[in-house]
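Okay, so here's the structure we're looking at.
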Amino acid sequence: QVQLVESGGGLVQAGGSLRLSCAASGLTFSLYTMAWFRQAPGKERDFVAGISWSGGGTVYADSAKGRFTISRDNFKYTVHLQMNSLKPEDTAVYYCAAARRLRVETIPSNYDYWGQGIQVTVSS
């Protein structure tokens, strides 16, 4: 049974930082591209950042470039999203996702497994 469990969310002031973590189990982690998506109330689930199975390739949404960094540890089965210079518009539920793909995918339907999501709230 595959499980992706997010942690590290919460409330932060604008300009602050948060580090999200996703712990994976039940899958051969190193075979999966990993990504973070987010969904604000009333909006679609949007791609934020993704990292290839080896960690050698990363892709960022324009909104995340220069502020967010995705990383992974294939020994610990974890993926992280370091978020700096947070803005109120970053407020959303953030989801960790896994795809058995060779490259980073930005479309949610291309992902095989999802975490339950974690709330990130940025106050102005």
Side-chain angles (χ1 to χ4, degrees):
Q1 179 182 357
V2 175
Q3 284 193 313
L4 302 177
V5 180
E6 300 96 340
S7 61
L11 174 64
V12 64
Q13 287 189 330
S17 298
L18 281 176
R19 186 177 189 240
L20 302 183
S21 296
C22 173
S25 61
L27 74 173
T28 305
F29 187 71
S30 60
L31 296 180
Y32 284 78
T33 287
M34 300 298 296
W36 290 92
F37 288 78
R38 68 187 183 186
Q39 188 166 18
K43 295 189 176 181
E44 294 184 346
R45 190 168 296 189
D46 291 330
F47 173 82
V48 176
I51 188 166
S52 64
W53 62 272
S54 67
T58 56
V59 177
Y60 294 92
D62 287 344
S63 60
K65 288 178 181 176
R67 300 188 300 128
F68 295 1
T69 303
I70 189 170
S71 61
R72 67 187 294 161
D73 186 329
N74 284 352
F75 293 102
K76 295 183 178 178
Y77 279 37
T78 55
V79 60
H80 304 284
L81 184 68
Q82 177 67 42
M83 304 188 294
N84 299 328
S85 302
L86 283 162
K87 305 174 182 180
E89 50 264 44
D90 294 318
T91 295
V93 176
Y94 282 70
Y95 296 89
C96 175
R100 185 76 183 268
R101 303 274 180 146
L102 293 178
R103 64 179 188 181
V104 176
E105 302 284 345
T106 62
I107 300 172
S109 60
N110 288 340
Y111 283 78
D112 305 303
Y113 303 105
W114 292 86
Q116 80 285 355
I118 193 163
Q119 179 69 44
V120 170
T121 303
V122 184
S123 63
S124 57

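Values reported hereafter were calculated over all heavy atoms of this structure, with side chains retained and with hydrogens, waters and symmetry mates removed. Just so you know, these numbers come straight off a predicted model, no measurement behind them. The residues of the chain are indexed from 1 along the displayed sequence.
Contact between I70 and Y60 at its shortest, heavy atoms only, is N-OH, 2.9 Å. Heavy atoms only, all atoms of each residue included: D112 and R100 are closest at OD2-N, 2.8 Å. Counting all heavy atoms, side chain and backbone alike, A92 lies closest to A40 at CB-N, 3.9 Å. Across all non-hydrogen atoms, the minimal contact from S124 to A14 is CA-CB, 4.3 Å. Contact detail for Y94 and V48: the closest heavy-atom pair is CE2-CG2, 4.3 Å. Taking each heavy atom of F29 and R72 in turn, the nearest pair found is O-NH2, 2.9 Å.
By the criterion of side-chain heavy atoms lying less than 4.5 angstrom apart, applied directly or through intervening Ile, Leu, Val, Met, Phe, Trp or Tyr residues, L27 is not grouped with W53; the two fall into different hydrophobic clusters. Linking ILVMFWY side-chain heavy atoms closer than 4.5 Å, directly or via other members, places V104 and F68 in two distinct hydrophobic clusters. Cluster annotation: Y32 and V2 are assigned to the same hydrophobic cluster (Ile/Leu/Val/Met/Phe/Trp/Tyr, side-chain heavy-atom contacts under 4.5 Å, transitive). Linking ILVMFWY residues whenever their side-chain heavy atoms come closer than 4.5 Å, directly or via other members, places Y77 and V79 in the same cluster.
Looking only at distances, no side-chain donor or acceptor of T28 sits under 3.5 Å from a matching main-chain atom of S30.
Distance check: R67 CZ to S85 OG gives 7.0 Å after rounding to the nearest 0.5 Å. Rounding to the nearest 0.5 Å places CG of D90 at 7.0 Å from CE of M83. Rounded to the nearest 0.5 Å, atoms CZ (R19) and OG1 (T69) are 10.5 Å apart. To the nearest 0.5 Å, the span separating CG on D46 from CD1 on I107 amounts to 12.0 Å.
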- prompt: So T33 and I51, side-chain contact (heavy atoms from CB on, under 4.5 Å) or not? Walk me through it.
  reply: CA-CA 6 Å; T33 287; I51 188 166; over 6 Å; no
message: Could you walk me through whether K65 and D62 satisfy the salt bridge (charged side-chain N to carboxylate O under 4.0 Å, His left out) test, starting with their C-alpha distance in whole Å, then the side-chain angles of each, then the deciding distance to 0.1 Å, before giving a yes or no?
response: CA-CA 5 Å; K65 288 178 181 176; D62 287 344; 3.2 Å; yes
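Side-chain contact, T78 with D73: no donor N or O sits under 3.5 Å from an acceptor N or O. In this model, no donor atom of one side chain and acceptor atom of the other lie less than 3.5 Å apart for S71 and H80. With 3.5 Å as the limit, one finds no donor-acceptor pair spanning the side chains of E89 and T91.
At most 12 non-hydrogen atoms from other residues, nucleotides or ligands lie less than 6.0 angstrom from CG of L102.
A cation-pi arrangement, defined by a distance under 6.0 Å to the six-membered ring centre and an angle within 45 degrees of its axis, is absent between R38 and F47. With a 6.0 Å cutoff to the six-membered ring centre and a 45° limit on the axis angle, R45 counts as a cation-pi contact of W114.
The shortest distance between side-chain heavy atoms of E6 and W36 falls below 4.5 Å.
Note: Y111 and F37 have perpendicular aromatic rings, judged against thresholds of 30 and 60 degrees for the angle between ring planes.
Between C96 and the choices L4, I118, L81, the side chain to side chain contact (heavy atoms under 4.5 Å, CB included) rule is met once, by L4.
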